[in-house]
Amino acid sequence: MTHTQTFPAGSGITPADFDAIMREKVPFVGDMGVITERLTDDSATLRLPFNERYLRPGNVVTGPAIFALADIALYAVAWLVVPKADLAVTTEATVHFLSGAKPGDLIAEAKILKAGRRLLIAECHIRSVVDDSLCAHVIGTYAMPPA
């Protein structure tokens, strides 16, 4: 049995719009160089270009860089639900690091699980472009701004 959930009408935000918003309103994200590759009604795909500064001992990408990418992808899906999600904030996140991310770009795929009036729950998978391994799984909850 398949469960289908209908989400509210999207905000119409484009990948270029989201990238511009991040550069302007969250300069740290702009400095990371995250690129939004795709947005749908209920999902987002973002890329973190490789930077040697993200490596840790063991020649793997550091956890804070992986979680930052996941949190940005979860924020992107919040923007799909409301036209202006500036005030949406992470209220909870659970990160499962599954394998060491080899040096290379990382891809985040975030999907809305439930969108309510006050809370949005979404999940994110982080994969390494190098070998397509699943590096992390993140479930996050966002407090949504009033309409």
Side-chain angles (χ1 to χ4, degrees), residues 2-5 7-8 10-82 84-116 118-145:
T2 322
H3 175 68
T4 306
Q5 183 173 357
F7 296 98
S11 64
I13 192 169
T14 68
D17 293 337
F18 184 72
D19 288 346
I21 290 165
M22 291 299 91
R23 283 190 305 273
E24 177 186 328
K25 297 182 183 251
V26 190
F28 170 75
V29 174
D31 292 347
M32 289 180 69
V34 173
I35 301 162
T36 306
E37 295 191 340
R38 183 177 62 88
L39 296 174
T40 69
D41 288 344
D42 68 347
S43 68
T45 303
L46 285 74
R47 176 183 296 264
L48 176 63
F50 176 68
N51 184 322
E52 291 209 8
R53 292 179 48 190
Y54 301 148
L55 290 179
R56 55 159 283 150
N59 202 38
V60 294
V61 177
T62 184
I66 292 169
F67 178 69
L69 175 60
D71 195 38
I72 296 162
L74 295 170
Y75 190 50
V77 296
W79 277 84
L80 298 174
V81 175
V82 295
K84 198 168 179 160
D86 294 55
L87 300 178
V89 293
T90 308
T91 60
E92 179 273 333
T94 302
V95 183
H96 298 274
F97 293 103
L98 304 172
S99 66
K102 295 180 180 167
D105 290 5
L106 296 178
I107 299 292
E109 295 174 331
K111 183 169 180 57
I112 297 170
L113 299 176
K114 181 176 179 164
R118 295 188 179 146
L119 295 176
L120 175 129
I121 301 167
E123 71 175 338
C124 182
H125 293 103
I126 305 289
R127 294 189 176 280
S128 167
V129 171
V130 174
D131 59 4
D132 198 41
S133 62
L134 183 59
C135 305
H137 176 249
V138 180
I139 300 283
T141 304
Y142 267 75
M144 300 300 285

Inset, instruction - Answer yes or no: is there a side-chain heavy-atom contact under 4.5 Å between L74 and V138? - result: yes
Inset, instruction - Kindly give the heavy-atom pair with the smallest separation between P145 and L87, and that separation in Å. - result: CB-CB, 3.9 Å
Legend entry - Any donor-acceptor N/O pair, S128 side chain to S133 backbone, under 3.5 Å: no
Legend entry - Side-chain heavy-atom pair V130, P103 within 4.5 angstrom cut-off: no
Inset, instruction - Let me see the working for V81 and I112 under side chain to side chain contact (heavy atoms under 4.5 Å, CB included), right down to the final yes or no. - result: CA-CA 9 Å; V81 175; I112 297 170; 3.5 Å; yes
Inset, instruction - Could you tell me whether a side-chain N or O of T62 sits under 3.5 Å from a main-chain N or O of A65, the two making a donor and an acceptor? - result: no
Inset, instruction - Please tell me if the side chains of I126 and F97 come closer than 4.5 Å, counting only heavy atoms from C-beta onward. - result: no
Legend entry - Side chain to side chain, K102 and C135, heavy atoms closer than 4.5 Å: no
Legend entry - Expected output: side-chain T36 to main-chain A16 donor-acceptor under 3.5 Å: no
Inset, instruction - Check whether any side-chain heavy atom of I72 sits under 4.5 Å from a side-chain heavy atom of F18, and report yes or no. - result: yes
Inset, instruction - Could you go through the side chain to side chain contact (heavy atoms under 4.5 Å, CB included) check for V77 and K111 one step at a time? - result: CA-CA 7 Å; V77 296; K111 183 169 180 57; over 6 Å; no
Inset, instruction - Compare all side-chain heavy atoms of V34 with those of M22 and state whether any distance is below 4.5 angstrom. - result: no
